[in-house]
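Below is one structure, written out as structure tokens; the observations come after it.
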Amino acid sequence: MAYDHKSIEAKWQKIWADEKTFEASEDESRPKFYNLCMYPYPSGALHQGHVRNYTFGDLLTRYKTMTGHNVLSPMGWDSFGLPAENAAIASGAQPKKNTEAQIATMTRQIKQLGAMYDWPRELASHSVDYYRWDQWLFLQLFDRGLAYKKEAPVNWCPQDQTVLANEQVVDGACERCGTIVEKKNLAQWFFKITDFADRLLTDLDQLDEWPDRVRTMQRNWIGRSTGAQFSIGVADSTDSFEVFTTRPDTIFGMTFAVLAPEHPLVDRLISGTDQEAGARTYITAAGRASEIERLSEGDKTGVFTGRYAVNPVNDVRVPIYIADYVLMGYGTGAIMAVPGQDQRDWDFATKYGVDIIRTVEPPDEYDGEAFVGDGVTTNSDFLNGLDRSEAIAEIVNWLEDGGLGESTVNYRIRDWLISRQRYWGSPIPMVNCAECGLVPVPEDQLPVVLPDIVDFAPKGQSPLAALDDWVNTTCPVCGGPARRETDTMDTFVDSSWYFLRFTDPRNSEKAFDPVKARYWMPVDQYIGGVEHAVLHLLYARFITKVLFDMGLASVEEPFARLFTQGMITMDGSKMSKSKGNVVDPLDLFESHGADALRLYHLFMGPPTDDAAWDTNGVDGTLRFLDRVWRVVTETNGFDESADASELIADAHRAIAKVTDDIERFHFNTAVPPLMTLSTALVDRVRSGIPSAGFNEVVEILIKLLAPMAPHIAHELWEKTGHSTMLATEPWPVADTTLLERSTVTMVVQVNGKLRDRVDVDADIDAAEAERVALESDKIDQWIDGQEVKRIIVREPNLVNIVVG
RNA sequence: GCCGGAGUGGAGAAAUUGGCAAACUCGAUGGACUCAAAAUCCAUUGCUCUAAAAGGCUUGCGGGUUCGAGUCCCGCCUCCGGCACCA
């Protein structure tokens with residue numbers, strides 16, 4: 001008879017909530033542990049990814065509680081964002097109402113998992129108590145020059161008449177209707193994350209408890225390159241333009257220069273030249289091309305300007321081209337082109353018949369095109385004979401001495417575009433005054449409340465723009481008529497500081513009390529999906545640094561340890577509703593119970609790896625729990641005289657293994673020792689009357705099970721006569737004197753091949769081990785008269801006899 | 001192209017410092033119990049040779065270091081993820 005998981009799980013979920021077992025406050029007497037799972041978007045349906053995430057998080061909450069930590073484990077909702085707005089467009093229902101209904105549903109489902117949170121700290125980013133502090137945060141950045149508005153090209157869907165977030169553009173097309181996305185210039189708000197690029201990069205080195213792949217992704221995203229920037233004069237004019245290069249050592253190989261089509265100098269350069277008409281046609285075409293068309297690495301296109309640049313090192317005149325393979329958004333939007341050492345320049349030069357000069361000696365057998373490797377500098381006057389790094393140092397000195405340029409650093413990361421022409425987000429707290437220009441809403445006039453509206457249909461600007469009563473306001477500076485900003489903030493702004501709000505979630509005076517934040521921060525363990533490796537985790541680091549500089553955050557890095565879980569796959573692809581390969585956790589709560597499901601998620605494989613779903617595996621973990629239930633509840637009668645020492649030693653080995661594995665996040669290997677231990681108990685019962693150590697071992701087994709399958713563990717704890725709450729019982733400590741075995745199996749090898757096993761005392765000495773090995777009958781036939789050349793002894797585990 | 005990670009039975013996997021490869025779970029096959037089924041329990045289950053015993057082989061491929069390599073080194077292949085006309 002299987003145990004009744006449904007009634008047991010409901011019972012204990014109620015007790016934990018009633019007893020406020022997992023509600024935390026500042027307490028200097030215990031070490032704090034801030035344990036955080038990435039707060040979810042309230043989709044309204046718990047899926048296996050959530051279950052995996054919260055199972056890992058809850059295991060840690062419960063384990064750290066039992067090991068004497070003051071654990072903060074809060075839960076909240078990333079509840080602004082596009083899905084709610086799209087649902088509103090489709091159904092006409094208020095996003096607020098929908099969102100709050102879905103939060104209620106998911107809260108119930110999370111509680112069914114038995115995952116415990118400090119619910120009084122619950123927050124939701126769509127609530128005005130939260131997003132008013134987004135607005136406060138915006139004003140802090142604005143005050144410090146870290147928030148600014150400028151015109152920028154954004155993704156525009158001509159079908160839906162709306163701007164799209166980068167995340168909504170899939171392979172250059174609108175995610176919703178499949179139309180090719182265009183670029184459109186609109187005035188947008190940005191956060192100046194580029195000011196922090198270097199700190200964000202160098203501080204990655206401190207984050208040694210983060211997965212390497214996440215740190216690598218952030219390094220790639222920030223994309224630091226060192227090089228030189230210098231000025232190139234335009235022949236027969238006083239104009240000049242700046243170029244950036246990582247290879248200033250190849251400057252003698254410059255045979256042309258290229259400006260991006262959007263480069264500000266272009267218009268003046270081409271005016272009045274013979275090439276003007278052709279150049280203007282090219283520029284217009286390039287401007288109209290979609291992002292994917294321009295970025296597709298196909299044939300290079302460009303057009304000659306009719307003008308020439310003068311190479312500053314040797315006064316050689318080289319043609320200036322316009323080509324869209326040079327991007328206005330990176331570096332200076334202009335390059336010196338060195339086809340001999342750069343493949344893109346090579347491709348362009350061969351197509352347009354431009355000269356190619358090699359300034360780095362390729363290897364003798366080299367038959368490629370541009371040579372980008374290291375070699376001796378050649379055809380380069382005073383740089384000849386130097387290697388790459390020497391030549392770079394020399395030419396940079398030369399440029400600096402002549403006042404022509406300097407060594408510089410460039411980053412790939414761009415400023416963070418935070419404005420969205422969308423309804424369901426935090427309004428940007430700025431007004432536009434005809435007299436005073438852009439004026440921030442004073443802090444004491446926050447919040448700028450998001451009004452309820454009825455028409456969410458996209459019209460090319462935020463639906464808020466249609467609300468005259470809301471839009472029209474007075475200027476905080478001059479009192480004259482003014483118009484509110486109608487854009488809302490990217491939801492990544494909400495999630496860039498919510499972990500700080502969790503330390504003081506009900507504060508109505510401040511975003512958070514720095515004293516409380518100092519106690520809890522940093523987050524000791526952050527758990528979530530790797531899909532946030534760059535965006536959220538980079539933005540949160542950035543905002544924390546801003547708040548640190550303001551003296552409000554006590555740490556520069558918000559997340560001390562990061563754990564990224566793998567995906568659940570089914571038939572080789574990610575579980576998703578659209579693929580129809582979803583296994584609903586709610587069904588499994590019914591059929592197998594939350595404990596069996598949790599245990600399966602822990603056991604199915606390394607938590608970092610993607611894992612293929614197999615419902616049979618849940619059958620297996622339920623079978624195991626049933627076995628534990630039976631052996632604990634159906635055992636009667638003890639033989640006090642029977643020897644229990646080996647069983648107790650097994651239990652202590654299990655304590656050591658499980659503890660170590662949990663500490664190292666090897667949850668999948670923390671489960672088998674419990675299975676083995678329960679099998680040992682079953683064997684003990686089957687062999688006759690269980691011995692005196694039985695209850696002691698059962699107690700250990702229940703405690704080790706408590707963080708993994710908490711409901712059944714608590715029920716068994718109560719059933720075995722304990723009146724205390726298992727959740728706050730101390731975690732068992734392995735008695736190290738019991739861990740060593742008195743006899744071990746020694747392996748005897750001949751020439752590295754296993755030939756015999758012998759049981760020996762664990763404290764056997766080398767000479768004795770060698771003697772025992774050579775005495776083995778089985779060994780004789782393998783030595784068979786050959787000369788024994790050497791004997792390797794690793795007592796007490798192994799002896800290897802080398803013959804030949 | 002650059003940067004990361006992975007590759008072990010029919011499946012998920014384990015092997016913490018270079019020392020018994022495949023623990024544990026699933027699946028499969030056979031058996032016990034049952035009128036029968038479910039549940040439960042027992043046995044077998046990497047490949048190969050063999051009637052059996054005993055042996056031989058085996059951690060993507062090829063080399064190397066070592067008494068000994070899944071683990072370390074060199075060179076490849078494949079898959080997954082990130083970045084990418086970034087100068």
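Every chain is numbered from 1, with letters handed out A, B, ... down the list of sequences.
- The P atoms of B:rC74 and B:rG5 are separated by 14 Å, rounded to the nearest whole Å.
- In this structure, CG of A:D626 is placed 15 Å from P of B:rU25, rounded to the nearest angstrom.
- Per the geometry, CZ belonging to A:R664 stands 11 Å off C1' belonging to B:rA15, to the nearest Å.
- One atom, OH of A:Y600, and another, C1' of B:rA13, lie 11 Å apart when rounded to the nearest Å.
- Per the geometry, NE2 belonging to A:H601 stands 24 Å off P belonging to B:rC24, to the nearest Å.
- Residues A:W629 and A:H5 keep their aromatic ring centres 6.0 Å or farther apart.
- The side chain of A:S225 places an N or O atom within less than 4.0 Å of a non-bridging phosphate oxygen (OP1 or OP2) of B:rA87.
- No hydrogens or angles were tested; on distance alone, nothing pairs the side chain of A:D614 with the base of B:rU25 as donor and acceptor under 3.5 Å.
- Note on A:N668: a side-chain N or O is less than 4.0 Å away from OP1 or OP2 of B:rA14.
- Taking the six-membered ring for Trp, A:F371 and A:W346 have ring centres at least 6.0 Å apart.
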Could you run down the sub-3.5 Å N/O contacts of the protein with nucleotides 42-50 of chain B?
residue	atom	partner	partner atom	Å
B:rC42	OP1	A:R686	NH1	3.1

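- In this structure, A:G620 reaches the sugar-phosphate backbone alone: every heavy-atom distance under 4.0 Å involves primed, P, OP1 or OP2 atoms, never a base.
- Using a 4.0 Å cut-off, no side-chain N or O of A:R215 falls inside it from OP1 or OP2 of B:rG82.
- A donor-acceptor contact under 3.5 Å is not formed by the side chain of A:R790 with the base of B:rC67.
- When the shell of 6.0 Å around CH2 of A:W221 is examined, it contains 12 or fewer heavy atoms from other residues, nucleotides or ligands.
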Practice item. Could you check A:Y539 against A:W416 for ring-ring contact (aromatic ring centres under 6.0 Å, His included), going step by step and ending with a plain yes or no? Key: CA-CA 9 Å; A:Y539 298 149; A:W416 174 14; 3.7 Å; yes
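- Below the 3.5 angstrom threshold, one finds no donor paired with an acceptor across the side chain of A:R213 and the base of B:rG82.
- Each of A:P672 and A:Q218 was assigned the nucleotide of RNA chain B with the nearest heavy atom; the assignment lying further toward the 5' end belongs to A:P672.
- For a distance-only test at 3.5 Å, the side chain of A:N800 qualifies as a donor-acceptor partner of the base of B:rC67.
- A:K351 NZ: more than 12 foreign heavy atoms inside a 6.0 Å radius.
- Remark: A:K300 is positioned above the aromatic ring of A:Y325, its terminal NZ or CZ atom under 6.0 angstrom from the ring centre and at most 45 degrees off the axis.
- Separating the CG atom of A:D619 from the P atom of B:rG27 is a distance of 7 Å, rounded to the nearest angstrom.
- Look at NE2 on A:H536: it is 18 Å from P on B:rG82, rounded to the nearest Å.
- With salt bridges taken as basic N to acidic carboxylate O contacts below 4.0 Å, none links A:D660 and A:K657.
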Polar atom pairs (N or O), protein with nucleotides 8-10 of chain B, under 3.5 Å:
none

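- Distances from the side chain of A:T676 to the nucleotides B:rA87, B:rC24, B:rC67 place B:rC24 closest.
- Distance A:M254 CE to B:rA87 C1': 13 Å, rounded to the nearest Å.
- Remark: C1' of B:rC86 and OH of A:Y330 are 5 Å apart, rounded to the nearest angstrom.
- Here A:D212 pairs with A:R215 in a salt bridge; the nearest charged N to carboxylate O distance falls below 4.0 Å.
- The residue A:Q749 sits close to a base: some heavy atom pair falls under 4.0 Å.
- Glycosidic conformation, B:rG55: anti, with the torsion outside 90° of 0.
- Residue A:P606 is classed as a sugar-phosphate contact, given heavy-atom separations below 4.0 Å to backbone atoms only.
- Of the charged side-chain nitrogens involved, at least one lies within less than 4.0 Å of a carboxylate oxygen, so that A:R653 and A:E646 count as a salt-bridged pair.
- Among the heavy atoms of the strands lying under 4.0 Å from A:V747 is at least one base atom, whether or not backbone atoms are also near.
- At B:rA39, none of the side-chain N or O atoms of A:R627 fall inside 4.0 Å of OP1 or OP2 (strictly under the cut-off).
- Taking the ring centroids of A:F256 and A:Y352, they lie at or beyond the 6.0 Å cut-off.
- OP1 or OP2 of B:rC57 has at least one side-chain nitrogen or oxygen of A:K753 nearer than 4.0 Å.
- Between A:D374 and A:R388 a salt bridge is recorded (basic side-chain N to carboxylate O distance below 4.0 Å).
- With the nearest nucleotide of RNA chain B identified for both A:V534 and A:D610, A:D610 has the one nearer the 5' end.
- A donor-acceptor contact under 3.5 Å is formed by the side chain of A:R414 with the base of B:rC86.
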